[in-house]
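Every chain is numbered from 1 and lettered A, B, ... according to where its sequence line falls, protein lines coming before strand lines. Note that these values count all heavy atoms, side chains included, but never hydrogens, waters or copies made by symmetry.
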There are 2 protein chains.
Amino acid sequence: MPTSRSYGDACPIARALDAIGERWALLVVRELLLGPQRFSDLRRALPGASSNMLTDRLRELEGRGLVRRRRLPPPAASSVYELTERGRELEPILDSLGAWGGAEPRPANGSLTATSVLLFLRGSARAHPDPPTDTYRVQLDDRVWTVSNPRGQLEIEPHDTAAPEASIRTDPGTLNALLLDPAGLDGAIAAGSVQAEGNLAALRRLVEVAA
Amino acid sequence: MPTSRSYGDACPIARALDAIGERWALLVVRELLLGPQRFSDLRRALPGASSNMLTDRLRELEGRGLVRRRRLPPPAASSVYELTERGRELEPILDSLGAWGGAEPRPANGSLTATSVLLFLRGSARAHPDPPTDTYRVQLDDRVWTVSNPRGQLEIEPHDTAAPEASIRTDPGTLNALLLDPAGLDGAIAAGSVQAEGNLAALRRLVEVAA
DNA sequence: CCGCATCCGTTTCGATACTG
DNA sequence: CAGTATCGAAACGGATGCGG
């Protein structure tokens, strides 16, 4: 049974670390921030985590009420993991970690993960005075997200969409570079590192939100 | 050699966790937030951490530039550990962890640590429109701090002080209870769980900052 | 293929003992 | 006081297997 060690300290910081301080726990939460994911989605998103590690973390997060496992309706014989309301409250912790960690050195051979870049995109759009309102299909490597703006605030969800205003297909590193330098979009398309379809003007507005 | 495992992920969240995600690392940082501490101070503050664990963490935090080891001038043959500027930037992370962790269940047999209560006191005072301006001597169990207000902002430092306006001696749990219920001060003094000296009106202002 | 469970080598942790 | 040395226990990481 994956009972985690406790610091035995009633300090709220130590209590938080008791709950989410183990290896991989917060990265699992990071992945779930953009919406429910199946076990195999999480495995692809966190290739460094072994399957039993993922099982242990999900069980423990579930036991602590931060993650909920939901069986999908009959057609799909699968289930998804999603954050509970309490789990979503971890977002400020991830925000502060991300703000601090950006100044730490990048690990050797470390590539950006899709979720990380999308969280950056979402955060930038939410800080933008005039965020994009169109619906986009974003494919990074072999995973697909829908970027939309249903309530005046950018949402990114882990599923495909029909009839987006524009679509983009690339890899996380290239998208991250584009967000930092939106002027590179045409060049990246020409070079083939980005495939774009649909309304390119709308797509341009999307990749400019962080600038 | 305590080379920590890396997530191999260039995401800023993962990079932060590479640096301060191991067991005990953030609790060491928490202890140093109130000022430089000697090895033995840290051992007393973190009784659950073994000595070699503490050594490993301090070495690693030092190697990452978050903690600095400083030899004390000749009279004392000792040295202290203190946060670097970069290490102090971890404070928002600890704040968000503390804010979230307060709603987590307290571990069985877990008592509050002195630093945790003092951080709560300091945070409350800094959010207070009219914080105390006197200098206090606060003793919790066998450690002593100076609470002062040199620049319009409450400071808590891990050393003794001469001629404080008021002094209080108790344990972390009792002080925490007092901060949540300042009206209990007189009763606690009468019951002997708190020893107070000096200007009691000033002391009352101090324990009322969180109310 | 999905969602694990089991096995096993390696790393890290934790407790105690010991040294300059 | 400020750490090292040692050693068993626990956690991690990778591989494989197995029932849907």
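Between B/Tyr7 atom OH and D/dG13 atom C1' there is a gap of 13 Å when expressed in whole angstrom units. Rounded to an integer number of Å, the gap from B/Glu62 CD to D/dA2 C1' is 14 Å. At whole-Å resolution of the value, CZ in B/Phe39 and P in D/dA2 are 8 Å apart. The interatomic distance linking B/Leu54 (CG) with C/dT12 (P) rounds to 17 Å, in whole Å. Atom CD of B/Gln37 and atom C1' of D/dC1 are 15 Å apart (whole Å). One can place CD of B/Glu60 at 16 Å from P of C/dT11, the figure rounded to the nearest angstrom.
Side-chain contact between B/Arg122 and B/Leu34: present, with at least one pair of heavy atoms (C-beta onward) separated by less than 4.5 Å. A/Leu203 places a side-chain heavy atom less than 4.5 Å from the side chain of A/Tyr136. Between A/Leu206 and A/Leu121, the closest side-chain pair of non-hydrogen atoms falls below 4.5 Å. Counting heavy atoms from C-beta on, the side chains of A/Leu46 and A/Arg30 come closer than 4.5 Å.
Using a 4.0 Å heavy-atom criterion, one finds that B/Arg69 contacts the sugar-phosphate atoms exclusively.
Here the CD-CZ distance, from A/Glu197 to A/Arg169, works out to 7.5 Å after rounding to the nearest 0.5 Å.
Taking the six-membered ring where the residue is Trp, A/Tyr81 and A/Phe39 present tilted rings, their angle falling between 30° and 60°.
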Inset, instruction - Let me have a per-nucleotide readout for nucleotides 13-20 of chain C, 5' to 3', with B, S or -, counting only protein heavy atoms under 4.0 Å. - result: SBBBB---

